[in-house]
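Below is one structure, written out as structure tokens, with a few remarks after it.
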Amino acid sequence: MTQMMQSPSRTSPSAPAPGRGYLELWRRTPGTFVAIAGTFGLGLVTIVTLVALFFTGLALSIFGVGIFLVALSLIVARRFAQRHVRMLLRSGLPAIAEPYRAHAQSDVSSWRAAREELRSTHDWAALIHGLIVNFVLSSISFCLALPWIALAVMGPLTPLWEPFSSVSNRVWAAELIENVSFLSGWSPSLVVMVVLGSAGLIALATLPLVLRGLVGMQWRVARAMLGPWAGDDLQAQIDDEREARQAALHAEDSDLRRLERDLHDGPQQRLIRLQMDLGLLERRAKSGDADAAAELAARARAGAQETLAELRALSAGVAPPLLQDRGFTAAVESLAEVTGIPVTLDVDRSVDDLLSSEAARSLYFVTAELLTNVVKHADAGRAAVSVARTGETVVLRVVDDGIGGAVVRSAHGLAGLQERLRGLRGQLEIEPAASGTAIRVTVPVTAVAAR
């Protein structure tokens, strides 16, 4: 994984400044009402769906299949929560970051996947939000917003429609005239126009503030329940560390298997051939055939040299004694000398103090593998290696002037390097280059120094 976690959004929908802020609220009023109406409709669909799934799952949990229905209801609740958050954004409020969730593993059984889902506290919060909180808040918001909008629209227009209203609509106005002395002499029709017109103007003036307050209430609750929590950062670090260690073990196992295969296919076969040549040489020497013996001796000598060269090449992927004795910088310098093409080095020697032996070995192997790829596949005439500390990371760059076209493909060399770097919580990326290939490797200083 290097699934990284998003930080909680700390922005709050505070009241805008007078004047321009008020006009901005008016501009967002249509979107705000759409958000209120949308969350109300979504809340109805959410509660019906989750009630059916969750409580059916609870009822059937005794048979086992209900566990999967409960887990499914949590997944559906998460989807509804994400849609609810997106609906709130129509009002112009800040986005709510996704909470951290552990990375799902594709190679686990369905039972284990359901069990992991049941342990997700964020999804349980989404379920409670969908079953209770969202339905209550969206219903309150919609039931307050709709009559407020109706009063804001119809109130100022009272003089236009009141003359055509029925007499029964003026009964309350007549009672008001009887009980309020300064209204004596007023007609019920005039009282209706003044009261409803004034109320409509007030509702119209406060409409954007009321709608903003209603949707802001939902937004704050959604941020608290559906957004990141305080412990997410720590959980993400724990999961990253666990996955990094698993990646490191996997990379180490892959390297050992590759080394075993290379030893079997290369030096071992050459040593068997050398053994056969020496046996034949012994028989020729006993028979007195000096010319044949000399020829076999020369062939055996060449085979031994080839075997030695291949063993040296294979040892570059392990840990040369120079790396242990003099550090990463000296080992990279030695590596550049035997690469086979001119290599320009720019290595910050202070990096040696940042790298533990384990991290130095991994970064050395990455460098060796990248230079090997340059020689084998890039058809390059020159290469350049730079290693330096940049902020909180150690940065390795390997650049060549070859044919370019390097890509990361599954089960290929660069993908294996990425797996190895995950053990250091590092990254490998292919940088854009006008010609040749430029590969950048970054490893956090805290990751390498802590190992």
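Computed from a predicted model, the values in this text were never measured in an experiment. Below, each value reflects all heavy atoms present in this structure, side chains not excepted, and no hydrogens, waters or symmetry copies.
In this structure, Ser73 has no side chain to side chain donor-acceptor pair (under 3.5 Å) partners at least two apart in sequence or on a different chain.
Using a distance-only test at 3.5 Å, with no hydrogens or angles considered, no donor-acceptor pair links the side chain of Ser334 to the main chain of Ala331. A distance-only check finds no donor-acceptor pair linking the side chain of Ser141 to the backbone of Ser138 [under 3.5 Å]. Of the possible donor and acceptor atoms, none in the side chain of Thr56 sits under 3.5 Å from a partner among the backbone N and O of Leu53.
For the pair Met225 and Val133, the tightest heavy-atom approach, listed with the atom from each and the gap, is SD-CG2, 3.9 Å. The heavy-atom pair separating Arg90 from Val34 by the smallest distance is CD-CG1, 3.7 Å. Across all non-hydrogen atoms, the minimal contact from Thr329 to Asp348 is OG1-O, 4.2 Å. Contact record, Arg326 with Asp352: O-OD2, 4.4 Å, taken as the closest heavy-atom pair. Closest heavy-atom contact between Leu88 and Ala222: CD1-CB, 4.0 Å. Scanning both residues, Asp401 and Ala380, for their nearest heavy atoms gives OD1-CB, 3.4 Å.
Side-chain contact between Leu226 and Ile96: absent, with no pair of heavy atoms (C-beta onward) separated by less than 4.5 Å. Put simply, the side chain of Asn134 reaches to within 4.5 Å of the side chain of Gln218, judged on heavy atoms. With contacts defined as side-chain heavy-atom distances shorter than 4.5 Å, the pair Val394/Leu396 does not qualify. The closest side-chain heavy-atom distance from Thr367 to Phe328 is below 4.5 Å. The shortest distance between side-chain heavy atoms of Arg79 and Arg83 does not fall below 4.5 Å. Taking the side chain as every heavy atom from C-beta outward, Leu69 and Phe55 never approach each other to under 4.5 Å. Put simply, the side chain of His377 does not reach to within 4.5 Å of the side chain of Ile403, judged on heavy atoms.
A distance of 10.5 Å separates CD in Glu369 from CD1 in Ile439, rounded to the nearest 0.5 Å. Here the straight-line distance linking atom CG of Leu211 with atom CH2 of Trp26 works out to 8.5 Å at 0.5 Å rounding. Atom-to-atom distance recorded for Thr32:OG1 and Arg27:CZ is 10.0 Å, nearest 0.5 angstrom. In this structure, NE2 on His84 lies 9.0 Å from OG1 on Thr46, to the nearest 0.5 angstrom. The structure places CD of Gln427 at 9.5 Å from CZ of Arg440, a figure rounded to the nearest 0.5 Å. In this structure, Leu214 CG and Ser91 OG are separated by 11.0 Å, a value rounded to the nearest 0.5 Å.
Ring planes of Trp124 and Phe54: perpendicular class, angle over 60° (limits at 30 and 60°).
Applying side-chain contact (heavy atoms from CB on, under 4.5 Å) to Val443 and the options Val395, Leu363, Leu354 leaves one that passes, Leu363. When the options Val399, Asp400, Leu371 are evaluated for a side-chain contact (heavy atoms from CB on, under 4.5 Å) with Val385, the one that passes is Leu371. Residue Leu50 is tested with Val76, Val45, Leu74 for a side-chain contact (heavy atoms from CB on, under 4.5 Å); the sole match is Val76.
Ion pairing between a basic and an acidic side chain is recognised when a charged N comes within 4.0 Å of a carboxylate O; Arg349 and Glu333 show such pairing.
A 6.0 Å sphere centred on CZ of Arg28 holds more than 12 heavy atoms belonging to other residues, nucleotides or ligands. When the shell of 6.0 Å around CZ of Phe135 is examined, it contains 12 or fewer heavy atoms from other residues, nucleotides or ligands.
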